[in-house]
Structures are given as C-alpha cells and as structure tokens.
Engineer: 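Mind having a look at this structure? Questions to follow.
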Number of protein chains: 2
Amino acid sequence: MDKIIAHILVVDDDDGIRSLVKKYLIENDYLVTTADSAEDAVEKIKIIQFDLIILDIMMPGKSGLEFIKDNKKKIITPIILLTAKGEPSERIEGLEIGADDYLPKPFEPKELILRIENIIKKTKLNDQKRVIQFQNIKIDLNKQMIFKNDNEYKINNTEKKILEKMINNPGKTFSREDIGLLIELDKERSIDVIITRLRKKIEMDPKRPKFLQTIRGTGYVLWIE
Amino acid sequence: MDKIIAHILVVDDDDGIRSLVKKYLIENDYLVTTADSAEDAVEKIKIIQFDLIILDIMMPGKSGLEFIKDNKKKIITPIILLTAKGEPSERIEGLEIGADDYLPKPFEPKELILRIENIIKKTKLNDQKRVIQFQNIKIDLNKQMIFKNDNEYKINNTEKKILEKMINNPGKTFSREDIGLLIELDKERSIDVIITRLRKKIEMDPKRPKFLQTIRGTGYVLWIE
DNA sequence: CGAATTATAAAAAAATTATTAACAAAAAAT
DNA sequence: ATTTTTTGTTAATAATTTTTTTATAATTCG
C-alpha cells in the first residue's frame, strides 16, 4: 500500500532553525519545502497544496500571526506555530486565530514530530488506506479508479465513500441503513443497484461475487484475502 | 539554500564571443557546452537536457530565430537571445517567438550573469514546475503559452494560476471553491466556462478530456504522467 | 415448494457538468 | 479619447452522469 508522504512547509526567517527542522522532517520521511518569510510562504502556498505548515511567529516583515490572519480564509492547511519561549498571549492569540497547535522554542525534535503526527492523524491524512490491491484488482481511492486486469473504471463519489469505509473495515458487515447514512440516501432499493454496479467493477465474476458479498438479512461485507 | 549547477548551451558562430561567454560562465560555476551553429545546437539538444540556452541571433546558416521557430514545440529549456546592437525589431520578434530574455551585444559579463540567474531562479529553483511536457503538449508557465501539436495558445493569468496549482499538485482534486479562492472568483458557473476554455487548449480531444478531468461532485484534477 | 430477500436490467427522472453565444466591463492598443 | 481585444459573467440549452423506479428474475432458506 502506498504511504502518503505529507508535504510540509517550514516558515522561519532563521536559517539555522529552518534547516534543522527541515533535516528532522526529512529524516522522518516528510517532504519539505521551506520559506524564509511570510511573504515567501504566501508565494509558495499559491502553488503547492501543503498538508501542514510549521510557522515561526516572530519574523521580520510580516509575522506568523499576520500571515494566518491574512490567509485563513484561503488556507485549509493545518498550522503549527513556533513561539518564542514565554509568550503565552501570542500563543493564545495564535490558537484563537486558527493555528492548530503550537510549540515553544526551543523544542525537542521528537516533540515536533509527535505533534506533526498528531495533527496529520487528526486530519485523517494518513491512517486510512487509499490504495489496495488483491489478485488482479487494484482500487485507488485517490485517483477514484479501479483497475481490473486490463480494464479501468472510474468510481464516483458514492462508490468511493462505500469502498473507503469497507476497505478500512474489511470483514465488517454494513447494513443498507449504514450505507444509506454514509452516502445520504434512504432508498434501500437504490443501494442494491449501487452494489450491483460496484460489483461489475471490482469482481472478476460479478454474478458470483467473491469480495463484495451479501450477508442475507444483514447487509454487505468486503472480503479481501 | 543549495546552489544548482545549471548546464548552459552557448550557441554562437563567433569563436571569440563563444569562448568569452564560456569563460564567464565557468567562472560563475556553470557547466557549459558550446555550439557553433544552429545545426550544431540541434544535435546537442537531442543529447543533453540543458537548463538554459544562450543563443546568438545572427549566424550563418540557420539564424537564432529560425532555430527557435523550428524547435519551440519541443524545447522546454529557456532561451536568452544575444542580439546585435540596435535591432529592436528582432528582439521583439525573439520574445514573441518564445525566447525568455534577450541581451544586446556588446554586454557586460555581469549583466549576462544577472539575467541567467534571474531565469534560472524563475524556472528550476523552488522545486516548482514551470514548464511541463506530456505527449504532444507543452505547457510553459513562464511564457504563458501552450503548445499542442502545431498550434499554440496564450494562457491568461487566471488560466495560469489554475495550471500552476494543478501542475504542482498533479493527481490532486480541486473543488470549484478551491479554484475560486485561487483566482478570486466566486461564481461557480464561471469556473465551468474557464475549464472548458482551458480544455480547448490542453486537450487533444476537449470533449473527451484525458488530462484535465472532472471528478463529479468534487471538482477537477490534472492527470499527467 | 413458497415466501422473503436480493439481483439485474432497462427506462425515467434528477442532478450535475459542458457548451455556446451574447453581453458587459476591463484592459490594451491605436 | 476611441477603438479593439480580452476576459469574466450570465443564461439558455445540451450532454452526461447518477439516482430512482419499475418490472422481472434469481437466490436463499425454513
């Protein structure tokens, strides 16, 4: 399974800290881009969709707090603030304004990594399977595609939601009601049809489903290997 | 930040200028290859992927302008034109045709280096992609041009912003809202129209988009490889 | 077997996206 | 200052995709 490598933007005017943090992060298998000012960061986020921003609060020019204020409408990316020691008011303001966490300098590398992992987990980026393969079938939720032998099929949002849930809970049976809640749909017969269509895409022999099976009277289950 | 060692091709029929430029460049830590004619340059670019081409406009045989015309669909590399003094029409034509900058002869070595650095910064640096090529399509954000087979299209600022983002996040789906934030535009229907227009430029068959695809209910994604 | 449940196909309906053309506003050119 | 070109907006219509319905078949299990 493909691990998603989070892309992190490190914003700090201090060369030493910037490269140190970059080094830590790279050692921990993150993809890192740096910016040496808020202005620089603004340019970079225009172009790259980061998974996390680590932001120094005190910088010449625009401060970290100003950066957040100016961009919070546009940014969905979580932010970890680096604050100077003993500046509780700024920390609080940062969190109020939209930062997701803060870390007072100086900090232990391990602590930084911990907080990053924590946030990444929260944003659900990492703990979910997005690509799985069994036999000759590959389901790629990121691409919203299924590859079966030499065929490829698009999967729509409804199908994606169902597969997402089932892939991350293999062997668990979902009632039609469960599925209906998931995809915001309360017509039970419609779910039959959706399952039928899904089977055409993921089963070698859709009439004799091996993976997406029916549990009569209960619901459906994804059964992989 | 690490300095990138750029590989530069110098194309000039004049031995003196060629070796002089080469000397300057080597002193400034560039890697240099020379060609004494457009024909020679054509052979060299077949073999080596340069980071920059410095091209004399006036040469016996094929001229610099002809070289660009003949190769612009294929070449990703930025070009600096060397023009004879006081030939503004040729300069303008050069820029129109696809050069990235020009420098009138005679020039100060320092000025050449400055322009080189400027271009290198714009292109290679930043780990941002500015020029990409796939199949018969080339997108050049610096020149704001798209080359498709024998056609070429200008891209405006809006289109550029969208492509910039997507090129640097290939495979990532952007909602209309994302795109709207990016280009400061909140009319969702307008985005449809903009996408349609973009597809006319970058798709071989705009009615059946292969690259700029719709993820129904979610948004759009650029799919290249 | 027979009743209940599930499967399937095809058609209809609904929702979303695509396309075109016409227009207005802004920008660029003359 | 006027004209031309470009760009975003809107609206009307078409095309596509997805959901729902309907009708019928197939399956399961007491």
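In what follows, chains are A, B, ... by sequence order, proteins preceding strands, each numbered from 1.
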Engineer: Salt-bridge test for B/Lys62 and B/Asp70: reply yes if a basic N is under 4.0 Å from a carboxylate O, no otherwise.
Structural biologist: yes
Engineer: Suppose we define a pair by two distances each less than 3.5 Å, Watson-Crick or G-U wobble; what does D/dA11 pair with here?
Structural biologist: C/dT20
Engineer: Taking 4.0 Å as the cut-off, does a side-chain nitrogen or oxygen of B/Lys207 come that near to OP1 or OP2 on C/dT20?
Structural biologist: yes
Engineer: Mind calculating the distance between CD1 (B/Ile215) and P (D/dT18) to the nearest angstrom?
Structural biologist: 10 Å
Engineer: Can a side chain N or O of B/Tyr220 be found less than 4.0 Å away from OP1 or OP2 on C/dA18?
Structural biologist: yes
Engineer: Taking only the side-chain heavy atoms of B/Arg199 (C-beta and beyond), determine which of C/dT19, D/dT16, D/dT19 contains the nearest atom.
Structural biologist: C/dT19
Engineer: For A/Ile195, answer base if it contacts any base atom (sugar-phosphate contacts may also be present), sugar-phosphate if it contacts only those atoms, and nothing otherwise; contact means non-hydrogen atoms under 4.0 Å.
Structural biologist: nothing
Engineer: Take the protein atom CZ of B/Arg189 and the nucleotide atom P of D/dA14, then report the distance between them rounded to whole Å.
Structural biologist: 17 Å
Engineer: What nucleic acid atoms does B/Pro209 come within less than 4.0 Å of, heavy atoms only: base, sugar-phosphate, or nothing?
Structural biologist: nothing
Engineer: Taking the nucleotide of DNA chain D with the nearest heavy atom to each, does B/Ile194 or A/Asn156 sit closer to the 5' end?
Structural biologist: B/Ile194
Engineer: If you only use heavy atoms from C-beta on, which nucleotide in C/dA9, D/dT19, C/dT20 is closest to the side chain of B/Lys200?
Structural biologist: C/dT20
Engineer: Assess whether a salt bridge exists between B/Lys161 and B/Glu164, defined as any Lys/Arg side-chain N lying under 4.0 Å from an Asp/Glu carboxylate O.
Structural biologist: no
Engineer: Are any of B/Arg197's side-chain N or O atoms less than 4.0 Å away from OP1 or OP2 of D/dG8?
Structural biologist: no
Engineer: To the nearest angstrom, how far is B/Ile179 atom CD1 from D/dG8 atom P?
Structural biologist: 13 Å
Engineer: From the options C/dT19, D/dT16, C/dA9, select the nucleotide whose nearest atom is closest to the side chain of B/Arg216.
Structural biologist: D/dT16
Engineer: Using side chain to side chain contact (heavy atoms under 4.5 Å, CB included) as the criterion, point out the one residue from A/Val11, A/Asp13, A/Leu81 that pairs with A/Asp56.
Structural biologist: A/Asp13
Engineer: Find the distance A/Glu203:CD to C/dT8:P and express it as a whole number of Å.
Structural biologist: 10 Å
Engineer: Report yes if at least one side-chain N or O of B/Ser190 is closer than 4.0 Å to OP1 or OP2 of D/dT9; otherwise report no.
Structural biologist: yes
Engineer: Starting at CG of B/Leu181, measure out to CZ of B/Phe174 and round the result to the nearest 0.5 Å.
Structural biologist: 11.5 Å
Engineer: Let me know the distance between CD of A/Glu184 and P of D/dT19, rounded to the nearest Å.
Structural biologist: 12 Å
Engineer: So, B/Arg216 versus A/Asn156: side-chain donor-acceptor pair below 3.5 Å or not?
Structural biologist: no
Engineer: Check the distance between C/dT5's P and A/Gln213's CD and give it to me in whole angstrom.
Structural biologist: 20 Å
Engineer: Hey, which of these two, B/Asn157 or A/Lys187, hits DNA chain D nearer its 5' end, going by closest nucleotide?
Structural biologist: B/Asn157
Engineer: Quick check on D/dT19: is either OP1 or OP2 less than 4.0 Å from any side-chain nitrogen or oxygen of A/Thr158?
Structural biologist: yes
Engineer: With respect to the phosphate group of C/dA7, does any side-chain polar atom (N or O) of A/Thr196 fall under 4.0 Å of OP1 or OP2?
Structural biologist: no
Engineer: With A/Phe211, which of A/Trp223, A/Tyr220, A/Phe134 fulfils ring pair (Phe, Tyr, Trp, His ring centres under 6.0 Å)?
Structural biologist: A/Phe134
Engineer: Could you state the atom-to-atom distance from CD1 of B/Ile155 to P of D/dT7 in whole Å?
Structural biologist: 11 Å
Engineer: Could you please name the option among D/dT10, D/dT20, D/dT19 that lies closest to any side-chain atom of B/Val193?
Structural biologist: D/dT10
Engineer: I need the CD-P distance between A/Glu177 and C/dT6, as an integer number of Å.
Structural biologist: 14 Å
Engineer: Out of C/dA18, D/dT16, C/dA7, which nucleotide sits closest to the side chain of A/Arg176?
Structural biologist: C/dA7
